[in-house]
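Order of appearance sets the numbers: ligands from 1, and atoms from 1 within every ligand.
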Amino acid sequence: MRHVALPEIATFDAWRDAARGLLGADVPPEDVLWSRGEGEGDLFAEPLPPVQGAPLSVPRGFVDLARMVVWHRDPERFARLYALLWALRRTPRLMDDRGDARIARLSGMAKEVSRGKHKMTAFVRFREIDQPGANRRRFAAWFEPSHYILEPTAPFFTKRFGDMDWSIFTPDLSAHFNGGDLRLAPAVPRPEFGEDATEDLWRTYFRNIFNPARVKIKAMQAEMPKKYWHNLPEAELIPEMIATAHARARAMAEAAPSIPPLRAEAITERLSEARKVAPPVADRDRLTVELQNCRRCPLWENATQAVPGEGPDDARLMIVGEQPGDHEDLAGRPFVGPAGQMFDRVAARVGLDRSEAYVTNAVKHFKFAPRGKRRIHQAPNRGEVQQCRWWLDHERRLLKPDLILAMGASAAESLTGDRRDLMRRRGRVETAEDGTPVLLTVHPSYLLRLPVAERPVAEALFEADLQKAVALLAAA
Ligand code: SF4
């Protein structure tokens with residue numbers, strides 16, 4: 001039995017190195033005991049084999065998964081990852097198997113970590129700390145994350161609060177940002193910060209954004225879970241604000257309408273222009289986090305989550321569908337439903353490896369109409385496609401693909417700006433705003449909706465379009 005005690009800082013790198021060494025020495029998963037922190041160790045453990053031989057090649061999807069899962073609190077996470085890595089050696093295409101229970105479990109864990117990171121960016125509350133004589137203001141915060149997410153989330157705070165010094169303390173680790181340098185350190189007992197003026201600011205802000213006419217307690221608790229409340233200065237207002245919401249909403253309804261200030265229209269216009277030219281997103285991690293906060297169109301309100309694109313950073317092919325469907329909305333991943341499976345089947349026939357492509361949608365939130373217990377897909381309208389194009393443009397700039405495969409009318413419109421009939425243009429190569437070639441084809445869900453008798457021909461045409469994508473990439 002080998003015992004691998006991973007450090008509390010730089011855990012992912014340590015896990016990766018250990019896994020490489022173990023795999024190189026052919027150590028099966030059942031012979032490895034993983035832990036984080038010093039711990040007691042295992043008196044009978046053998047030493048860890050050194051990393052040997054050529055660098056291990058694993059699918060990008062696995063690396064992305066591992067980078068998230070290592071921060072989960074499940075004590076089995078390292079063992080689960082190593083077991084999957086072990087299985088990948090024998091079945092290299094295993095990551096494409098959407099039905100594999102191990103991958104489903106790890107994907108669920110990755111999603112929980114991602115959600116925890118998102119909550120941390122929203123719920124850390126800094127308090128100003130007196131620092132006599134210092135030339136930068138200093139802040140500190142205490143936060144209790146659901147997972148070991150301080151290390152992977154700290155870079156977000158360095159970018160967001162780069163002009164001040166700060167420390168974030170958690171029960172697991174602490175992060176200190178001083179003069180532009182980030183340092184992680186072991187946990188310390190919770191420090192006493194005392195109250196500061198920032199807390200009043202939070203309470204005032206919360207009071208102002210709270211709309212008693214739109215209070216939905218369940219949605220509010222889902223967005224702001226109670227476990228975070230005791231560290232949020234504004235949370236003490238919530239019970240009273242909910243209790244008085246009904247009366248306040250009634251008073252609002254009975255009050256005479258107020259007249260907007262004279263310059264309101266011009267201000268609104270300026271704000272909507274500002275939204276269109278919001279600052280660029282510098283990397284994919286940030287894009288994924290920011291995407292969940294998007295309110296550029298109303299589709300976020302009813303969807304479970306925004307579904308970001310996925311695939312390697314150096315993908316030469318970018319595949320763009322229309323919008324997440326029911327399955328994708330729940331899973332938080334693109335193309336995992338029936339249309340994605342149809343795509344995979346046809347792509348496999350022409351040798352197009354989806355795991356090497358970046359897959360995304362023109363619109364990132366699921367649009368649907370409820371019918372009984374079902375959610376029926378609705379095509380996004382032109383305004384929604386236009387608003388969401390902001391994200392697609394960012395993805396294109398970050399990825400810089402050699403070729404884009406636009407599947408369906410919404411993707412074609414978003415990428416080329418042209419709304420003309422897709423069926424007349426399919427199979428053609430047009431261009432995106434920046435000149436990237438865009439090959440147009442139908443969406444695989446179109447094939448699924450056709451009567452069975454018409455499918456073979458339509459599928460053959462779709463296959464020919466994918467074949468053309470493969471040829472264009474080979475020639476690029
Ligand atoms: Fe934002 Fe796109 Fe979602 Fe609309 S659909 S809220 S633009 S991410």
**OP:** Inspect the contact between Asp434 and Arg396 and indicate whether a charged nitrogen and a carboxylate oxygen are less than 4.0 angstrom apart.
**Re:**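 Between Asp434 and Arg396 there is a salt bridge, with a charged N closer than 4.0 Å to a carboxylate O.
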Original post:
Any Lys/Arg nitrogen of Asp465 or Arg426 sitting under 4.0 Å from an Asp/Glu carboxylate oxygen of the other?
Top reply: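 Salt bridge between Asp465 and Arg426, a charged N being under 4.0 Å from a carboxylate O: yes.
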**OP:** Hey, could you give me each pair passing side-chain hydrogen bond (donor to acceptor under 3.5 Å, both in side chains) that has a residue in residues 62-71? Not counting sequence neighbours.
**Re:**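 Counting only pairs at least two positions apart or across chains, the side-chain hydrogen bond (donor to acceptor under 3.5 Å, both in side chains) contacts touching residues 62-71 are Arg60-Asp64.
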Original post:
salt bridge (Lys or Arg N to Asp or Glu O under 4.0 Å): which pairs involve residues 467-476, sequence neighbours left out?
Top reply: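 Counting only pairs at least two positions apart or across chains, no salt bridge (Lys or Arg N to Asp or Glu O under 4.0 Å) contact touches residues 467-476.
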Original post:
Which residue pairs pass the salt bridge (Lys or Arg N to Asp or Glu O under 4.0 Å) test when at least one of the two sits in residues 318-329, sequence neighbours left out?
Top reply: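 Every salt bridge (Lys or Arg N to Asp or Glu O under 4.0 Å) pair that includes a residue of residues 318-329, provided the two are not neighbours, is Asp326-Arg375, Asp329-Arg375.
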Subject >> Proximal ligand 1 atoms for Val363, defined as those under 4.0 Å from one of its heavy atoms >> reply: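 Per the distance check, 5 (S).
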Original post:
Around atom 1 (Fe) of ligand 1, what protein N, O or S atoms are found below 2.8 Å?
Top reply: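 Listed by chain and number, the nearby protein N, O or S atoms are Cys294 SG.
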**OP:** Assign the ring pair His72 / His147 to parallel, tilted or perpendicular, where the plane angle (0 to 90°) is split at 30° and 60°.
**Re:**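 The rings of His72 and His147 sit tilted, inter-plane angle from 30° to 60°.
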